[in-house]
Amino acid sequence: MMQSHLVKDLCLMGPKGCGKSVIAREFAEMLGYTIEPIMLYQDMTARDLLQQRFTLPNGDTAWRPSPLVSAAREGRLVLLDGIHRVNLGTLAVLARLIHDRELSLYDGTRLLRSDRYQALKEELQLSDQELQERSIFPVHPSFRMVALAEPPVVGGGSAPGQQWLGPELLTMFLFHSVRPLGHAEETAIIRAMTPNVPMDAVEQLLHLTHRLRETSDPTAQSLASSLSTRQLLRICRRLSEYPEESVSHAVHKACLSRFLPSLARSALQKNLSSCSIQDPVEPEPQERDLSCQVQDGVLRIGKNTQHMMLMEDILKDFLLGEHLLLVGNQGVGKNKIADRFLHLLNRPREYLQLHRDTTVQTLTLQPSVRDGIIVYEDSPLVKAVKLGHVLVIDEADKAPTNVTCILKTLVESGEMILADGRRIVSGPLEAEGRPGTIPMHPDFRMLVLANRPGFPFLGNDFFGALGDIFSCHAVDNPQPQAELGMLKRYGPDVPDALLERLVSAFGELRNMADQGTITYPYSTREVVNIVRHLQKFPEEGLANVVRNVFDFDSYNKDTREILIAALHKHGIPIGAKPSSVHLAKELALPEHRMTGYWSMNQPGNPPRKLLCPTESHRIDIKGPVFLRVQGYPIERHESRAMSFTEEQAHWQIPISEVNIICDVATAKDAIYVATCNPLRLDTRSTTRWSCTRSRVTRFCTWTWSQGRCVGSCCPLRRSRRPPPRRSSGWWNNKESQESYRLCREFSHKNWLLFYKERGTQLDVLDVLEGQVHTISLPISLQSVFLVAEDRWLLVESETNKKYLLTKPMHMGAEDSGICQLHAISEDAVSTGFGMSSAGGGASVPQGVSSEQLSSENLSAALGQKIVSPNRVVSDPDSFATLVVGFPDLMSPNEVYSFLRKAPLCGGKGSDVFFGGKHRAGPPKRVNCVSLLGANQVVRALPPGDVPLADIYPKDVTPPMTAAYLEVTDLSSKKVKYIPVPRSASVSPYTNWLSKTGLDSLQRSLLEWRNMIGAEDGRPVQITIEQESGQDVSAPKHGKMDPTNAPHVGGNQWAGGTGGRDTAGLGGKGGPYRLDAGHQVTQVTQAEKDAVPEEVKRAAREMAEKAFKERLKEIQMTEYDASTYERFSKAVRRQVQSLRIILDSLQAKGKERQWLKNQALGELDDAKIIDGLTGEKAIYKRRGEQEPELGTPQQKPKRLRLLVDVSGSMYRFNGVDGRLERSMEAVCLVMEALENYEHKFKYDIVGHSGDGFDIELVRSDKVPKNNKERLKVLKPGPLARGGRALTASPQVHAFAIFIGSLGDQADRLQKTLPAGRSFVAMDTKHIPQILQQIFTSTMLSSA
């Protein structure tokens, strides 16, 4: 630089943030120069560089020299910052000054090189003053220019600044390349400038930075630009002040990772892991009463909410003197946070909102004409600089980056040149002795607010252009709990259930926006507006209010379907009607009858009290074992979206086909599902599924301790017998196989009971005491029911005889080791007490409650006031049986039954839910539950045990269901059958949640109707019903109207409405529907029903004929059509999603620009003085900017789809369906890219062992219809395969694995570069994968 300075002007060229400005300033200080910084911008004109007009006090116009001209005369060093941004034609006016050191200005003034000036002075014998009177001035010999520029983009498009370095500019300067600092150099600078920073953090940070800079991956290189030396110094200054913070947090904040594309975010995460930079474990949120306080003039901010944590983070940077940048989606509360933050700090602010028409002049000064004189009014920016206020710049992304880039010198050096000739300088010392300067107040700060770049906000990349000169913070939507708390403040009277539905629904919509399924990321602002509306008008239903937000999107059919499905999933009944209530039909319950007595040890009978000895022994319990908990996302679907039924919600349990359900249990709001193969416990809470896996071969119990699943393993009992021989299939229900049964009614008291069918002992496992108590019995067991903690009902296997076993409350007591067994005699009503009943055919209970009905429920069930111990017994012969007095009273217990007409058949048949044809014998467990609080007995029945003829009318076909829930209500004396829908998959284990209690149903129905509100009658399409009074004749297509005028009635024109015989809408007798886009007039349903059958048949035949003719046009058979429809139907929704994504990812090449020097349009502020002088071309208007000469031509994006067509695709298709998914994926791409040929040119090639470029689709001959697309999908060309993946830097290559043997795809993905491979085991994920690829690479330069 020193050598170049002796000869010529020079240019420093290097990437953003590498230290160009610092080098230039240090260079100037070494040589004793005074620096004149000039920030260049795209709209800068030659006048801005050389001379500007201004008005004198008398109204005359004059010329004011620019800082560049003043520096040339005074010998200062001019710093031209950003020559890559300015228009090349503007920069050309400096060519003569650079090459010859001479310049001619607009007012006739001439600047001459110093030696020529001296020669002219001597030749004319004139003094300096006389030459100056003739407007001739010398250029100071010490005058130099140092330009700063970013390197041109090789192969870049037509974007401004990408191809700025041309032959003309190459001759102007001597260029010096500024490389980024090396590891050792950056370490030395950081140590010198931030001596207190932890060195291990510096090493991690520099290791990551240089790893990103040195990689050849363009995605990682783009991340390196966010970690410039300037940004590293900012991070280290903060770490030296707050050493407890993590490096990972600082990197994510600097790169703004929340809004990075998925590929870039995964690349960043992989590089962080490679550099051993781990994300810190977030502490559990602790509730604090204190959020923020001001004490003794000092503000302290707490951590109890998301926004408070963000403001605390902002405050740290504010105290370090940083200028702040808040980036987030629209409506997430950036302005609210900024206002609250400054309010707490008690700092005054100036507000400046930018827009697409903002110019450099309007950003700094606002000119106006008063009495013929131009007067400049200070903008909020200048006022904030003068007074030391905080300048809040809103919508910074809306203004062009070439305008906002002038903030760079203001932030970096504290200097800026204003349009009226004044200059902002960094402090009072700089302003001494310099007229027309404005010293910057030391308290001045900037707080910039910007939306994230890209669709749908269509802003400019403010973060990419100026992000490294600000301390950046990402503002996201509040977390669900924080958002719920905030909404409660806006709507204190809105029910919490509604608020929770809104929060969950909008949370899913935001996730869908992140994935690219929808385009607009619905923010907190929309939810707040809904809640405020509900608070003001509580009688209006939620379904109507949400239309205020979603009605705009309802014009797009695809988006509307996605939105409605998401809202329905979370129980917002948009589109439902208050009359859509479909509850199960109630049938009358038979009258209860007293059917007999249960008596124990009555006089006259021989005593049957038997003593049962008890043995106790210690067991070894290993544990507690903290099992690995894995979280699986599930989708809970609210079932009351379109109609109100007993079913409240359903979701799919995430189990594989090989898992076998062993048992299901509930506790509070959680559902526990135990599976084997492998042994696993699934817990469904309100937020997620937590699954634990354990290879336990004998016995395992699970308990929950402080939010973690703890497993304990122990042998069931000591046994010296040899292990039994393993049978051929342990899951087969064979009579010879022994099986244990488990009674867990009192597991909450930490003991379980085990018994063996046809066994003679009971094993009581006490987990806390670590003992197993074995009770020996004189009978062979069939079943055991724990009717109380110390009283158990036993059923003998041979005779179905019942016994009551009484045991001590504490088995371990020394004086209570004997249990008593009492025989229960069942007496019919006619035999009386103490007499044996004839026949002895006692029914076997299927379930007995362990608690009793309350006195109110018992009295309501029996129709009389009664207070007594009781139990509810379930058996196949009755809906419910009540045993009054059992088990506490030893006197005879009365038995009341609600008898069935016929006993239950036990689920025989081929029902999937009960597996009738897969089992022999009774089911393993009867699904029967006693809801004692609701006074109901609920059992699951197969359709064969349900009286379908009494439930459904004769002309209604019963729905295909997995089962029915029989709900016997003992209070209302009603029984109803609630259908359980079939699972979407083969596995019947879909969880469903239903409400059966009458009070609960009434409350839920009221809430549901309140959500719907009154019908507002707003039609989606206007339909007018009218009687036509005309008869049909024969179907026909009709004439085509060339003017497309609306035709109502009649039978002549095709596309009409409300007519007859022709193709149209709303009529009768036509062959098929034809929509011409007019208002629909609809004939009544009665008229349509009156159409003769022969006319209907003729219309169907004509429709089929038209379909076949269309197939014939494209040479497609009906079989071909059905084959193609199979693939197309599977990806129809994904095609819609991808087309939405393609629409949203348009290049902004046709962005309209301001065209200046126009004879009409809007007045250009920079041309006001020219207008006073009579200039005509002082206007500007919007228009398409013509590309500059030499700009590369815009071309469509090239996309090549490489598919695996090897034989293994067919061989393993039966294993994982890879060939089917491959064909669906190809169909998806072809259909989605139809009519996008102007944006994308694609071809499809196959690879196999025979070659890597098997041509399937050429880019210049893409398939136009279903027939041509089917040719691509047909198995003929898919008989060969291979592998190829290019690594050219000009080509972005990605691999999508759609089939895998085991975890092969996951292991391969880990070995490939970050973000370059994907696993899509479901075709619905492919659109999101393609969207990530497009946003990250293909459209990055568009």
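- A 4.5 Å side-chain heavy-atom check between Leu786 and Val784 finds at least one atom pair inside the cut-off.
- Annotation: side chain to side chain donor-acceptor pair (under 3.5 Å) contacts of Thr968 (sequence neighbours excluded): none.
- Using a 4.5 Å heavy-atom cutoff, the side chains of Ser783 and Tyr755 are in contact.
- The closest donor-acceptor contact from the side chain of Lys801 to the backbone of Ile824 lies under 3.5 Å.
- Panel note: side chain Asp875, backbone Val873; no donor-acceptor pair is recorded below 3.5 Å.
- Judged by distance alone, with hydrogens and angles left aside, the side-chain atoms of Lys585 form a donor-acceptor pair with the main-chain N or O of Asp950 at under 3.5 Å.
- Classified by interplanar angle (parallel below 30°, tilted 30° to 60°, perpendicular above 60°), the ring pair Trp751/Phe746 is parallel.
- A side-chain donor-acceptor contact under 3.5 Å links Asn857 to the backbone of Leu932.
- For Ser776, there are no side chain to side chain donor-acceptor pair (under 3.5 Å) partners two or more places apart in sequence or in a different chain.
- Here the shortest heavy-atom pairing between Lys802 and Leu793 reads CB-CD1, 4.1 Å.
- Listed for the Ser874 side chain is no donor-acceptor partner under 3.5 Å among the backbone atoms of Gln846.
- Here Ser797 pairs with Ser780 under the side chain to side chain donor-acceptor pair (under 3.5 Å) rule; sequence neighbours left out.
- Remark: the backbone N or O of Ile866 is paired with a side-chain donor or acceptor of Ser859 at under 3.5 angstrom.
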Exercise. List the steps, then state whether side-chain contact (heavy atoms from CB on, under 4.5 Å) holds for Leu794 with Leu821.
Key: CA-CA 9 Å; Leu794 313 182; Leu821 191 67; 3.6 Å; yes
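- Checked by atom type and distance alone, the side chain of Arg741 never pairs as donor or acceptor with a backbone atom of Leu753 at under 3.5 Å.
- Here the side chain of Asn870 pairs a donor or acceptor atom with the backbone of Leu853 at under 3.5 angstrom.
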